[in-house]
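These notes concern the structure reproduced below.
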Protein chains: 2
Amino acid sequence: MPINSFTDYPMSWKPDRDALKRPLYRSLALLLEHDITNGFLAPGTKLPPQRELADFLDINFTTITRAYKLCELKGLIYAVTGSGTFVSANAARSITISKDKISNEIIDLGFVASFEQSNNIVAEAAKKVTEKGYLEQLLNYNDPTGIPHQKAAALNWMADFGIHADKDNMAIASGALNALAITLLALFEPGNRIAVDMYTFSNFIEISKLYRIKLVPIPGDEHGMLPGELDNQCLQMDVHGVFLMPSCSNPTTVMIPDYRKRELAAVIRKHRLILIEDDIHAFLSAGIMADYGQPMFQLLPEQTVYICSTSKSICSGLRVAYIVFSEAFKEKIVKAIFNINVKTSSLDAEIISELILSGKASAIAAKKKQLAESANRLFTEFFPQLPRTGHPLSFYRWLPISDDADGTHMENYFLNKGIRVYHSDRFLSGASTRDKYLRIALSSTNSLEELQRGLAILSSHFPKLIGSRKNPAPL
Amino acid sequence: MPINSFTDYPMSWKPDRDALKRPLYRSLALLLEHDITNGFLAPGTKLPPQRELADFLDINFTTITRAYKLCELKGLIYAVTGSGTFVSANAARSITISKDKISNEIIDLGFVASFEQSNNIVAEAAKKVTEKGYLEQLLNYNDPTGIPHQKAAALNWMADFGIHADKDNMAIASGALNALAITLLALFEPGNRIAVDMYTFSNFIEISKLYRIKLVPIPGDEHGMLPGELDNQCLQMDVHGVFLMPSCSNPTTVMIPDYRKRELAAVIRKHRLILIEDDIHAFLSAGIMADYGQPMFQLLPEQTVYICSTSKSICSGLRVAYIVFSEAFKEKIVKAIFNINVKTSSLDAEIISELILSGKASAIAAKKKQLAESANRLFTEFFPQLPRTGHPLSFYRWLPISDDADGTHMENYFLNKGIRVYHSDRFLSGASTRDKYLRIALSSTNSLEELQRGLAILSSHFPKLIGSRKNPAPL
DNA sequence: TGATTTGTCTTTACACATTTA
DNA sequence: TTAAATGTGTAAAGACAAATC
């Protein structure tokens with residue numbers, strides 16, 4: 001006899017009994033996948049509990065578990081013990097963000113570029129590098145993790161952020177995301193769990209999906225992830241790592257102050273987590289923000305993979321990021337670099353090195369900070385009513401909205417108005433929250449003037465969007 | 001009652017009953033992993049059958065299955081239905097091959113470089129590119145899969161090999177291995193099976209391990225993989241893809257002739273496999289070898305991911321490879337590119353494009369072919385007794401040996417003699433075979449003279465190595 | 001607070017396919 | 001050729017843990 005009478009309370013999903021073939025669990029997963037991707041089951045829908053569906057189909061409930069698990073691994077659904085199983089917010093679409101072509105008419109406030117106005121300085125450096133006599137020696141397979149003098153330049157660059165490491169404990173990768181892919185492949189296994197902010201870097205969500213790593217969303221406040229919440233989750237389940245962007249979180253613009261870094265470090269140490277510290281925004285905080293303190297790598301050198309990309313601070317088109325790691329991780333990371341990249345282009349790394357050693361990199365970073373400051377000032381002029389939280393030099397803003405419209409619809413609405421923005425659903429690492437945001441990139445237009453036009457369009461539609469929201473919810 | 005009396009025939013592995021903790025399967029897997037990595041269980045050792053070990057430990061045999069499965073996913077062991085479970089040949093060590101530092105005294109016949117003597121031409125092209133006015137425009141996030149004119153150059157280059165495709169069905173990646181990583185992450189899932197030659201590209205073995213993809217070794221002959229054997233394996237188990245290097249297989253130097261390509265294509269079509277065609281050596285075969293025919297991509301355009309790296313043909317230090325794919329794979333591959341690379345360095349791709357469009361790339365490739373011919377001639381002079389099989393322009397040779405010494409020992413033996421070579425164990429995709437080989441790189445020395453010195457050392461130790469082997473076994 | 005709901009993990013049972021002798 | 005040996009795949013049972021009311 002069924003425990004729950006499914007005739008009284010109709011189930012949200014009633015798969016066709018006759019469509020089930022053997023193996024049952026695969027067949028059931030396929031039916032579910034089909035119904036989700038074809039829109040019969042909307043994001044957020046609560047699926048029938050495992051036992052209820054099992055009774056309905058007259059099979060064992062652990063077979064349902066297996067079918068649900070298949071779909072969960074694909075990111076289509078997520079399950080919460082005690083609450084139920086739900087269709088993911090981003091089930092039916094990819095949230096990968098890239099600078100793919102949009103019409104020239106559209107102002108891009110979506111993808112976060114890096115104020116490309118200073119690329120002429122980089123172009124000059126490139127020219128200088130190719131005139132050097134030793135260029136030929138960069139064009140072979142040698143030094144797969146980076147040429148010693150390039151590593152010296154890298155350490156030089158990172159020293160300003162508070163990183164002190166040895167050449168043997170670092171490597172050069174092809175950009176931050178490449179470094180993240182290397183780290184995941186090197187140190188984690190499919191099925192492992194990594195703790196992240198409720199809203200986090202969308203491409204990290206995607207690459208975790210690709211590698212079948214489960215993300216565990218941890219609540220945070222205006223100073224970042226809450227140590228107590230992280231501790232709780234680690235006590236409750238086997239968590240292997242944690243991903244943080246302490247200098248300026250993407251997309252929330254939160255900077256983790258020193259006191260919070262220390263609290264988090266204590267929890268991370270306690271649970272022996274691997275910390276993946278993406279410090280792409282170090283140049284916006286180190287030596288600028290009062291309570292920056294130091295990278296968490298310095299607090300947890302044995303457990304941290306520190307990643308410092310030059311895409312935002314120096315140049316986005318030259319694919320260079322530095323990975324710093326302890327002896328414990330060295331062999332695995334270097335091996336993963338060989339296996340994913342063979343080596344990183346020495347030419348790109350050489351140009352970045354030239355920029356660093358000549359001091360031009362600092363000048364470029366200073367210029368970008370200046371542009372970021374102007375852009376943020378402009379944003380505040382358009383949205384004076386917003387509370388002044390978040391990083392003052394961030395390349396993007398995190399705009400609370402009250403409209404309950406579906407994320408895709410809202411993005412399309414603004415596309416029709418002539419601007420591209422990204423909805424907070426794209427950055428959700430787990431279940432939906434009732435609070436919605438838009439991420440507004442400030443660094444992707446060709447000029448401040450274009451940004452101004454974009455923000456004007458945005459703000460003209462904004463009053464309707466903030467609606468009744470008085471107190472922006474915690475991040 | 002035990003079916004097999006384990007008291008009469010002692011089991012090769014007797015885990016300590018008392019060391020078992022709950023969960024049993026994990027605990028058991030850890031014990032096994034420990035005993036393998038610490039050398040208590042030598043490569044090739046047959047483990048106790050699942051039922052026998054289960055009787056011994058007094059638990060259900062499927063719990064042993066689970067424990068064995070964990071170790072199999074890590075590449076520590078492999079199982080053959082009907083025969084048993086065995087410790088992998090490469091269980092205890094990494095077989096990743098890279099151009100890491102070896103002493104300057106040692107002549108490198110191990111890692112396959114690409115006759116770097118022509119890099120001065122590349123350096124000139126680099127200089128020319130940096131003098132172009134539009135360099136600045138290459139230094140941003142735009143066109144993540146490649147700039148249109150670079151793609152045109154790519155298609156131009158590949159047309160000589162028989163590839164005809166559209167710009168929208170190709171992308172630029174950071175080298176062949178990066179393209180392979182992208183393909184695996186995009187189109188396969190952990191646990192999937194890919195058919196490969198018995199001996200195959202070692203870094204492909206490693207990246208498959210990282211991504212928990214199982215390799216299914218398929219026997220071959222002097223014309224490559226045997227279609228009948230591939231068909232058999234696909235009938236027996238669920239195989240998702242097949243990896244081939246038709247123009248010149250690494251490490252066996254086999255070129256698959258046109259008739260065999262067609263036979264294989266028929267089997268691949270029949271089982272709807274995804275073909276990963278690594279055609280890094282196309283420039284050595286297309287238009288040169290009589291029975292080259294065409295890339296398999298042209299035979300199976302819907303099911304093939306065609307990868308064409310320029311590392312061997314043009315320049316190894318500029319990380320550029322082209323991926324060609326059908327509409328069916330497009331979305332997934334492009335998404336994986338965004339997630340692993342964000343984008344590939346436009347600068348590297350631009351220099352390669354410049355070389356292609358100016359005709360210098362062809363000149364470089366011609367020079368490398370000439371050097372390869374000389375190197376192969378030199379090799380034949382040193383080893384006249386060897387049958388003339390394999391590709392005549394290969395950048396490496398595959399040398400049958402009869403010595404039964406362990407692979408690592410043999411490599412170290414030659415290191416002590418002053419040369420680095422790689423033993424066939426590194427290239428084993430599955431079980432050990434009784435036939436052993438050395439892979440001898442011809443393209444990594446700084447000069448033919450240095451190669452000559454290296455081959456002299458090798459050949460002086462060779463008579464002892466070939467020993468009694470009369471008929472080299474099939475590849 | 002304590003019972004109930006709900007999902008997770010481990011182990012067992014069993015039918016089946018392949019290999020080997 | 002058949003029987004035994006051996007690994008694989010699916011399903012079910014049950015103990016457990018978290019969330020909810």
Side-chain angles (χ1 to χ4, degrees), chain A residues 2-6 9 11-12 20-29 46-55 57-73 77-86 191 193 214 216 229 232-239 430-431, chain B residues 2-6 9 11-12 20-29 46-55 57-73 77-86 191 193 214 216 229 232-239 430-431:
Chain A
I3 297 167
N4 307 292
S5 173
F6 43 81
Y9 303 92
M11 295 190 294
S12 60
L20 274 191
K21 292 181 185 57
R22 300 227 148 202
L24 299 173
Y25 78 104
R26 279 193 195 225
S27 169
L28 193 60
K46 182 178 191 301
L47 293 171
Q50 298 177 353
R51 285 167 182 81
E52 199 170 332
L53 186 56
D55 284 336
L57 295 170
D58 205 23
I59 57 179
N60 186 277
F61 81 95
T62 56
T63 305
I64 311 287
T65 310
R66 262 188 105 176
Y68 277 9
K69 187 66 60 189
L70 276 185
C71 289
E72 187 175 7
L73 279 176
I77 61 178
Y78 63 91
V80 185
T81 305
S83 307
T85 307
F86 307 84
R193 291 194 186 84
K214 294 183 212 163
V216 182
E229 298 282 349
N232 277 343
Q233 286 295 320
C234 292
L235 290 170
Q236 286 167 23
M237 57 179 80
D238 197 11
V239 176
Chain B
I3 298 167
N4 306 291
S5 173
F6 44 78
Y9 302 92
M11 295 190 296
S12 59
L20 274 192
K21 290 182 187 54
R22 301 227 146 202
L24 299 172
Y25 77 105
R26 279 191 195 223
S27 170
L28 195 60
K46 182 178 191 298
L47 293 172
Q50 298 177 352
R51 285 167 180 81
E52 198 170 332
L53 186 57
D55 285 336
L57 295 170
D58 205 22
I59 57 178
N60 186 278
F61 83 94
T62 55
T63 305
I64 311 288
T65 311
R66 261 191 106 177
Y68 277 10
K69 187 66 60 188
L70 275 186
C71 289
E72 187 175 7
L73 279 177
I77 60 178
Y78 63 90
V80 186
T81 305
S83 308
T85 307
F86 307 85
R193 292 195 186 83
K214 293 184 216 165
V216 183
E229 298 281 347
N232 277 342
Q233 286 295 319
C234 292
L235 290 169
Q236 288 167 21
M237 56 180 81
D238 197 11
V239 176

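We name chains A, B, ... by the order of the sequence lines, and we start the count at 1 in each one. The structure presented is a predicted model; accordingly, all values stated were derived computationally and were not measured.
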Looking at every strand, decide which applies to [X] at a 4.0 Å heavy-atom threshold: base, sugar-phosphate, or nothing.
X: B:Thr63; value: base
X: B:Arg66; value: base
X: B:Tyr68; value: nothing

May I have the distance from [X] (atom [atom1]) to [N] (atom [atom2]), rounded to whole angstrom?
X: B:Asp58; N: C:dT11; atom1: CG; atom2: P; value: 14 Å
X: B:Ile64; N: C:dA13; atom1: CD1; atom2: P; value: 14 Å
X: B:Leu24; N: C:dT10; atom1: CG; atom2: C1'; value: 8 Å
X: B:Ile77; N: D:dT6; atom1: CD1; atom2: P; value: 15 Å
X: A:Tyr78; N: C:dT8; atom1: OH; atom2: P; value: 13 Å
X: A:Asp55; N: C:dT5; atom1: CG; atom2: P; value: 12 Å
X: B:Leu57; N: C:dT10; atom1: CG; atom2: C1'; value: 16 Å
X: B:Asn60; N: D:dG9; atom1: CG; atom2: C1'; value: 14 Å

For the side chain of [X], starting at C-beta, report the closest nucleotide among [options].
X: A:Arg51; options: C:dT11, D:dA17, D:dA15; answer: D:dA15
X: B:Gln50; options: D:dT8, D:dA17, D:dA11; answer: D:dT8
X: A:Arg26; options: D:dG14, D:dT10, C:dC16; answer: D:dT10
X: B:Lys69; options: D:dT8, C:dT6, C:dT19; answer: D:dT8

Side-chain N or O of [X] closer than 4.0 Å to phosphate OP1/OP2 of [N]:
X: A:Thr85; N: C:dG7; value: yes
X: B:Thr81; N: C:dA17; value: no
X: A:Thr65; N: C:dT8; value: no

Exercise for review: Looking only at non-hydrogen atoms, find the nearest pair between B:Pro48 and B:Leu53 and report the distance.
Suggested key: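 Distance-wise, the nearest heavy atoms are CB-CB, 4.2 Å.
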Gap between atom [atom2] of [Y] and atom [atom1] of [X] - 0.5 Å precision:
X: A:Arg66; Y: A:Thr63; atom1: CZ; atom2: OG1; value: 8.0 Å
X: B:Asp58; Y: B:Leu20; atom1: CG; atom2: CG; value: 11.5 Å
X: A:Thr65; Y: A:Arg51; atom1: OG1; atom2: CZ; value: 7.5 Å
X: A:Tyr68; Y: A:Thr62; atom1: OH; atom2: OG1; value: 13.5 Å

Practice item. Spell out yes or no: do the side chain of A:Thr62 and the base of D:dA12 have one donor N/O and one acceptor N/O closer than 3.5 Å? Key: yes
Exercise for review: By nearest nucleotide on DNA chain C, pick out whichever of B:Tyr25 and B:Gln233 is the more 5' one.
Suggested key: B:Tyr25
Practice item. Name the residue closer to the 5' end of DNA chain D, choosing between A:Pro23 and A:Phe61 according to the nucleotide with the nearest heavy atom. Key: A:Pro23
Exercise for review: May I have the step-by-step check of side chain to side chain contact (heavy atoms under 4.5 Å, CB included) for B:Leu57 and B:Leu28, ending in yes or no?
Suggested key: CA-CA 10 Å; B:Leu57 295 170; B:Leu28 195 60; 3.8 Å; yes
